[in-house]
Structure formats: structure tokens, C-alpha cells
Amino acid sequence: MELKNRPRRLRGNAVLRKMVRETRVDKSALVYPMFVMEGENKKEEIPSMAGQHRYSVDRMEEKLVELQDAGVSSVMLFGIPGEKDEMGSGAYAQDGIVQKAFRKAKEACPGLYLIGDVCMCEYTSHGHCGILCGQEVDNDKTLEYLAKTALSQVQAGADMVAPSDMMDGRVAAIRGMLDKNGYCNTPIMSYAVKFASSFYGPFRDAAGSAPAFGDRKSYQMDFHNRREALKEAMLDVEEGADIIMVKPAMAYGDLIREVKGQTNIPVASYSVSGEYAMVKAAAQAGFIDGDSIMCEMAVSAFRAGTDIYLTYFAQELAKCIEEGRIG
Ligand code: PBG
């Protein structure tokens, strides 16, 4: 048969397939999100996230070293405080859990790049991402607390801060605070395009941060919207964000692509707790090949335009890259 175009010609052998590959994956793009908690000698498995743990500060080092050995060079820290209060004061305390963790991580693994998630929901008794005024989260009041939180993390050793609260104007508020205190070179990765998503369920179990009443829909985005995602991204670029994040990743590849096309700064995507939990649960039940699905999900995020990929699978992915399964 006369066929001029035969796409299969480029799929005939493994060397050729790799030669014509359009998406290349590198370990340097991976960020591992890690939970730290108060207490001593603790390494607790998170029930909804098989294989993921919460570590006390004195046990963090073993995981950090494992990550480094696997070639994962960046970690995002989430603190789980011993006590929560109305004002989320643990978020910006000098000896707060995440501040202690940053100091420890810097000392134990100075080569690791440390990112701080800046939000209040793990620290407030009501579980909302900011300061309440009645039943509402007060946007403008929350900004000063977020800025204080970011500064306290940087003072404790964070190399970058990543606000995930979705208040309006937080990037500018944090930038102003960091600059005023001599940290004009500390980058901000903004969770600019963050949806009100059920994919965060397991995280909220892990951090005990589910809202005590209501939901997060008055600050996180409605997942029906695409143009609004661009609005959020552009506003944060104007406010001085250095990196824009889209979250979740798996069901939001269209937005990763869109933000990538419309901005000129690096784009991160966060494969969140629910994505991890689904893969793990289905693999454990024997319904899917977990490693292959993990690889496919990661490559799809990069194919969509991701430059930086935050994932609980960072260590396993690094191994797959090392072994040439993807890359
Ligand atoms: C804090 C924060 C959340 C996540 C990252 N930062 C929880 C939320 O917004 O409810 C979710 C991460 C995940 O699900 O893996 N606001």
C-alpha cells in the first residue's frame, strides 16, 4: 500500500523513540512536600496517604538524606502545630513548628533547597486560611499575618516562600515585607491558580486542617473557570510573583498549558494529596500499576508546560528517571 506518512516509522525502536521524545523530565524539577509535627522521635504514617509520614523535627533528617540521595534537591515544608488558635499564632511564631523544622533542615542538609508553604489553615482552630471576621475570612487583615508568616519562615532558613491561602494582594504584601527586612532576593512561588478542590481531602487529614465550618469557596477558585485562572496568574505576576503554580495538577493540564502560554515566568504544578491517594489505593487493590500511572501523570504535567513539579512521589519518580523509565 502506498502511504507517504507512516507515523509508526518513528516508533520502531527504543533508541529512536527516545530520540524523538518531546518531553524530557529531570530530577531537578521535583519538589517533595513534607509534613513536620511537634513531639519527639515521631514518624507517623498518614492513614489516607500510604507511604507518607509526618515527622517530628528530630526525625526529619533521615527523610531529607534519603531524598538527597535519590537526587531530589528541594523540599516544601508544612507544619502541624501542637496547638491551634483563632489567630493561627503558630504560623508566625519564632519557635513555631515549621520554623524549628527550617532551622533543623538547613543545619542537617545545607544543600537542600527549602520552600515554605505560607498559609494559616494548619494553625487556626477554625481551619480557615486566614483571620476571621464573623464567619468570613477577612482578606485585608489576613495579609499582615501572611507577611509575618513568610518573614518568620525566611528568617528560620526558608530559601523560597509559597503562599497558598488565596487572599487577594498577598504576593505584594509578602514581597513588601521581605524587601523591607533585607530579603529582596528571596523568591515567591505563588499558588496563584488554586482551585477549591476535593483532591485536597487527604492533606486535610494529614494536617488536621479541614475547615470547622463552611468551605474554602469564598477564596479558592471555582473549578469551572479558565479565564479567571489567567486573571489570577496575571495579577500575581504584576504583584511580583517569581513562579506561578497551578493546583491540583492532574485534572488541570489545560490550565497549566494556558498559564504557560500567557506568562513568561516559570510554571509549577502541584500533584496534590488526593492524586497520590488515588494512585496508591488503586495500586494496592491491584487495579492499576501504580508506578506506571505515577510516571504517566508526571509526564502529562510536564507535557502541559510544568517547569517545577511538586509531588509526594518525588523520590519514586527520581528513581524512575534514574532507571530511564521516563526522562
Ligand atoms: C494550605 C495548603 C493545602 C494544600 C497545600 N497547601 C490545603 C488546602 O488548601 O486545603 C493541599 C495540598 C495537598 O492536597 O496535597 N492551604
Side-chain angles (χ1 to χ4, degrees), residues 30-36 46-54 75-81 84 88 90-92 96-98 115-124 126-132 137 139 142 145-146 149-150 153 158 160-167 170-171 174 188-223 232 243-252 268-281 294 297-298 301 308-314:
L30 302 174
V31 178
Y32 179 69
M34 177 168 174
F35 298 96
V36 283
I46 300 166
S48 51
M49 298 174 74
Q52 297 299 314
H53 300 82
R54 311 178 185 99
V75 174
M76 163 108 95
L77 293 182
F78 291 94
I80 306 166
K84 307 185 186 224
Y92 41 87
I97 178 64
V98 88
I115 306 175
D117 178 89
V118 176
C119 193
M120 307 203 68
C121 64
E122 300 112 89
Y123 302 92
T124 51
H126 44 76
H128 279 286
C129 299
I131 305 298
L132 291 185
V137 175
N139 189 87
T142 299
Y145 290 87
L146 293 169
T149 301
Q153 293 186 358
M160 177 190 284
V161 286
S164 66
D165 51 281
M166 287 302 277
M167 298 302 122
R170 84 282 174 79
V171 172
I174 292 171
I188 299 175
M189 171 162 68
S190 174
Y191 288 70
V193 183
K194 176 172 176 178
F195 289 91
S197 168
S198 294
F199 278 104
Y200 310 148
F203 174 98
R204 293 177 191 170
D205 290 343
S209 64
F213 64 88
D215 53 39
R216 303 209 201 291
K217 290 182 181 163
S218 75
Y219 39 102
Q220 298 180 348
M221 282 183 53
D222 178 351
F223 60 79
E232 284 283 7
I243 298 169
I244 289 290
M245 189 200 295
V246 175
K247 174 183 174 199
M250 185 168 68
Y252 295 83
S269 66
Y270 191 153
S271 178
V272 299
S273 55
E275 302 178 38
Y276 177 88
M278 291 194 307
V279 175
K280 278 289 178 182
M294 160 188 93
M297 279 165 59
I308 301 162
Y309 189 53
L310 295 98
T311 172
Y312 301 95
F313 281 122

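Numbering of ligands and ligand atoms starts at 1, following listing order. Fair warning: this is a prediction, and the values are worked out from it, not measured in the lab. Numbering starts at 1 and runs along the sequence shown. Basis for what follows: all heavy atoms, side chains included, without hydrogens, waters or symmetry-related copies.
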Checklist line | Candidate pair Val75 and Met34, rule side chain to side chain contact (heavy atoms under 4.5 Å, CB included), full reasoning | finding: CA-CA 7 Å; Val75 174; Met34 177 168 174; 3.9 Å; yes
Item checked: Taking atom 5 (C) of ligand 1 as the reference point, the nearest protein heavy atom with its distance -> Lys247 NZ, 2.7 Å
Check: In ligand 1, which numbered atoms sit nearer than 4.0 Å to a non-hydrogen atom of Tyr312?
Finding: 12 (C), 13 (C), 15 (O)
Check: Residues in side-chain contact (heavy atoms from CB on, under 4.5 Å) with Ala162, at least two apart?
Finding: Met76, Ile115, Met189, Tyr191
Checklist line | Per-atom contacts, ligand 1 versus Arg216 - under 4.0 Å to a heavy atom | finding: 8 (C), 9 (O), 10 (O)
Next item on the list: Apply side-chain contact (heavy atoms from CB on, under 4.5 Å) to Pro33 and list each qualifying residue two or more places apart in sequence or on a separate chain.
Entry: Phe78, Tyr270, Tyr312
Check: Does Lys247 count as lying over the ring of Phe199, i.e. NZ or CZ under 6.0 Å from the six-ring centre, within 45 degrees of the axis?
Finding: no
Next item on the list: Give the atoms of ligand 1, by number and element, whose distance to some non-hydrogen atom of Cys119 is under 4.0 Å.
Entry: 1 (C), 16 (N)
Check: Within less than 4.0 angstrom of ligand 1, does Tyr270 place any heavy atom?
Finding: yes
Margin query: Starting from atom 12 (C) of ligand 1, what is the nearest protein heavy atom, named by residue and atom, and what distance separates them?
Written below: Phe203 CD1, 3.4 Å
Margin query: Determine whether Arg170 and Thr142 satisfy the following criterion, side chain to side chain donor-acceptor pair (under 3.5 Å), listing intermediate values before the conclusion.
Written below: CA-CA 9 Å; Arg170 84 282 174 79; Thr142 299; over 6 Å; no
Item checked: Distance filter under 4.0 Å to Cys121 heavy atoms, resulting ligand 1 atoms -> 1 (C), 16 (N)
Check: Is there side-chain contact between Ser273 and Arg204, with heavy atoms separated by less than 4.5 Å?
Finding: no
Margin query: Counting non-hydrogen protein atoms only, what is the nearest one to atom 14 (O) of ligand 1? Give residue, atom name and distance.
Written below: Ser273 OG, 2.7 Å
Notebook entry, point to check: Tell me: protein heavy atom nearest atom 6 (N) of ligand 1, and distance?
Noted result: Asp117 OD1, 3.2 Å
Check: Which option, Lys194, Glu122, Met120, Met166, owns the non-hydrogen atom nearest atom 16 (N) of ligand 1?
Finding: Lys194
Notebook entry, point to check: After noting the C-alpha distance and the side-chain angles of Phe223 and Tyr252, does the key distance pass the ring pair (Phe, Tyr, Trp, His ring centres under 6.0 Å) rule?
Noted result: CA-CA 9 Å; Phe223 60 79; Tyr252 295 83; 7.4 Å; no
Item checked: Cation-pi check, Lys194 onto Tyr200 ring (under 6.0 Å, within 45° of axis) -> yes
Check: What is the closest protein heavy atom to atom 1 (C) of ligand 1, and at what distance does it sit?
Finding: Ser164 OG, 3.3 Å
